[in-house]
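Only heavy atoms go into these numbers, but all of them, side chains included; no hydrogens, no water, no symmetry mates.
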Amino acid sequence: MPVPEPTPLERFLNGILPENPVYRQLLGLCPTLAVTAAMKPAMTMVGATAFVLICANLITSLIRHLLKPHLRILVFTLTIATFVTIADRTLAAFAYPMSKLLGPYVPLIIVNCMIISRCEVCSSKQSPKTALADAVGVSLGFLLALASVATVREILGNGSWFGIQLVPESFPTLILMILPPGAFLALGSLLGLATWLGHRRKARASEPHAGSA
Amino acid sequence: MELFADLLLIAIGAALVNNFVLTYFVGLCPFLGVSRRLDTAFGMGCAVTFVISVAALLSWTMTEFVLRPGAPLPNWVWSSLNPAAEAGAVDLSVLSYIVYIFVIASSVQLVEMYVRKFFPPLYKSFGVFLPLITTNCAILFACLEIMKHVVARDWGLAESLTLAIFGGVGFTIAIVLMAGIREELELCEVPESLRGAAITMIVAGILALAFMGFSGIGANVEKLLNP
C-alpha cells in the first residue's frame, strides 16, 4: 500500500516546529553556536542558509529521477557547494564587513547536515512544489532557532538586541555569553526548555484521558 | 629556528587555545553523536585526525598550484593557449569550495577502503561513522584556514600540515574528555528535561570554559619564543 504523499502545506508546517532542525533533530548546530553572538550576523546566516537550502532542494527535486543511489550524496554536496559559492561571493560583494565577520562559517554551510538531510529525506523523493514548501518551512524553523539563541546571547552578553541598546550602559553584562562557552550554555538551556515545554504539553493533552479512565 | 617557533605556536593554537570543537564549533556532530563511550570516541578522533591530514595535504597542493590567484598550473595552460595573455591573470579561487568538497569526499572514500582492507576490526568498530566524516565541518574548516593563509602567501606545506594534524589532535582531546565525562554522567541523576543533548551541551560549555584557560599558555609561549 503506497504511503500518501505529504501535502506541501504539511511539509511546510512540519519544518517549523514539529521537526525543527535545531531543537528537534539537532542538525545544523555549528552555525547555531558560532554566529549567534548577536542578532545581525545570525540573521545574515539564516538568509544565506535559506537561499542555499531552497535552491539546492529545488534542483535535487528536479533531477531526482536521474540520481544514482551510490552517487547521490556527492551530487547533493556538489549542488550545495555551487550555491554556497554564489551566496559567499554575493555577500562579499555587497556586505563586505558582514562577510568578514562570518568568515569561514559561510563556506561551512556546505557541510551543514540540515541541508543534506533535507535533500536526502525530502526533495530527492518528491515533486518540486513539495520540496520548495519543505525548504521554506525548514528555513523558518532554522530562523526561529537562531533567533532564539542569538536573542538570549545578545541581551545577556551585550545588553542589546539587533544592535539597539536595551539596558543602561552601566548595567553589568555577562561577557561570557558572547564568548564560545556562552553559546554552549545558552543552547543547552534552551534545548532543556524546549524539551520541558514539549513534555508539559504532552502531559496536558493526556490529562483528560487519565481523568476519564 | 623561526620556522620551528611558528610551527609550535600553530600547534598549540590549533590543539588547545583555539580548539576546533570548543572555540570554532566545528565537528560538533561526531562530538555529540559518538561521545558515549571512550573507545569509540578515541577511534573517531583518530579517524578524523587521519582524514584531516590527508585532506589538508591534498587541499594545500590544490590551492598552491591550481586554485590561488596567480597559481602556476592554470596560468601556464592559459598562456600556452593564448600567448597574448598577461602573466598571472587566471584566478580559479571561485572553484575552491567545490574542489575542497571533492577532495574531502575522495579522501574519506580512500581511508574507508584502506581501513576495510587492512584493519577489519577497526572498520567494524567505526565503519558507520567513516562516511559521516565527509560532512564533518572540521575538515572543511581546516581546508579553508589553509586556503586563507596560502592565498595570503604566509604559509607553506609545513605550517598547513601542522595545523591539520594538531587540529585533529585537539578534536581527539575534546571528544575523549567528553566521552569520559558522559560515561560518568550515566550514573548521575539529571533533571528529566535536560537529559540527552541538553546536558551534553552544558557540559561542553563548561569544558569550553576550562579550555579558555589555555589562552594564557599561548600568550606565554609566544612571549618566550619572541622575546
Side-chain angles (χ1 to χ4, degrees), chain A residues 22-36 71 73-74 76-89 103-113 115-117 176-177 179-200, chain B residues 18-19 21-29 31-33 93-102 104-106 108-109 131-145 147-148 190-212 215:
Chain A
V22 175
Y23 286 119
R24 287 269 172 269
Q25 304 183 33
L26 297 176
L27 297 174
L29 290 178
C30 161
T32 312
L33 293 168
V35 301
T36 47
L71 281 178
I73 300 282
L74 190 64
F76 296 159
T77 342
L78 290 181
T79 320
I80 296 167
T82 314
F83 286 112
V84 168
T85 308
I86 297 173
D88 184 45
R89 294 283 146 152
Y105 296 106
V106 178
L108 281 177
I109 297 175
I110 302 173
V111 283
N112 190 331
C113 339
I115 301 179
I116 299 180
S117 97
L176 175 72
M177 291 312 280
L179 294 175
F184 284 113
L185 295 178
L187 184 61
S189 329
L190 283 172
L191 275 173
L193 185 69
T195 324
W196 183 72
L197 285 176
H199 280 188
R200 204 181 60 165
Chain B
N18 291 322
N19 188 286
V21 184
L22 299 171
T23 313
Y24 291 122
F25 313 107
V26 290
L28 271 177
C29 299
F31 182 69
L32 298 177
S93 51
V94 76
L95 288 178
S96 38
Y97 303 155
I98 297 177
V99 171
Y100 292 151
I101 276 297
F102 217 87
I104 292 170
S106 34
V108 168
Q109 200 74 42
L132 282 181
I133 298 181
T134 315
T135 52
N136 183 337
C137 3
I139 294 163
L140 184 64
F141 180 77
C143 291
L144 291 168
E145 282 291 293
M147 174 184 88
K148 198 171 82 191
V190 179
E192 204 188 330
S193 45
L194 284 183
R195 268 175 214 162
I199 192 71
T200 317
M201 278 289 169
I202 292 172
V203 168
I206 297 169
L207 213 55
L209 208 58
F211 265 68
M212 275 177 75
S215 53

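At a 4.5 Å heavy-atom cutoff, B/S106 makes no contact with chain A through either its backbone or its side chain. No part of B/M147 comes within reach of chain A, as not one of its non-hydrogen atoms sits under 4.5 angstrom from that chain. Of the atoms belonging to A/L74, it is side-chain heavy atoms, and not backbone ones, that fall under 4.5 Å from chain B. With a 4.5 Å cut-off on non-hydrogen atoms, B/L95 does not touch chain A at all. Using a 4.5 Å cut-off between heavy atoms, A/L197 makes no contact with chain B at all. Using a 4.5 Å cut-off between heavy atoms, A/A183 touches chain B through its side chain atoms alone. Proximity to chain B (any heavy atom under 4.5 Å) is shown, for A/L33, by both the backbone and the side chain. Neither the backbone nor the side chain of A/L27 comes within contact range of chain B; no heavy atoms are under 4.5 Å apart.
Distance CD1/A/I109 to CG/B/L140: 11.0 Å, rounded to 0.5 Å. Here B/F25 contributes atom CZ and A/T36 contributes atom OG1; the two are 7.0 Å apart, rounded to the nearest 0.5 Å. With rounding to the nearest 0.5 Å, the separation of CG in A/L185 from CG in B/L209 is 7.0 Å. With rounding to the nearest 0.5 angstrom, the CD1 atom of A/I80 is 11.5 Å from the CD1 atom of B/I98. Rounding to the nearest 0.5 Å gives a distance of 3.5 Å between OH of B/Y97 and CG of A/D88.
Remark: aromatic rings of B/Y24 and A/Y105 are distant, center separation not under 6.0 Å.
With sequence neighbours excluded, the residues forming a side-chain contact (heavy atoms from CB on, under 4.5 Å) with A/P104 are B/F141, B/L144, listed by chain and number. Residues that satisfy the side-chain contact (heavy atoms from CB on, under 4.5 Å) test with A/A87, not counting sequence neighbours, are A/F51, A/V52.
Looking at B/V26 and A/L108, their side chains come closer than 4.5 Å, going by heavy atoms from C-beta outward.
Chain B forms more heavy-atom pairs under 4.5 Å with one residue of A/S189, A/G188, A/A186, A/A194 than with any other, namely A/G188.
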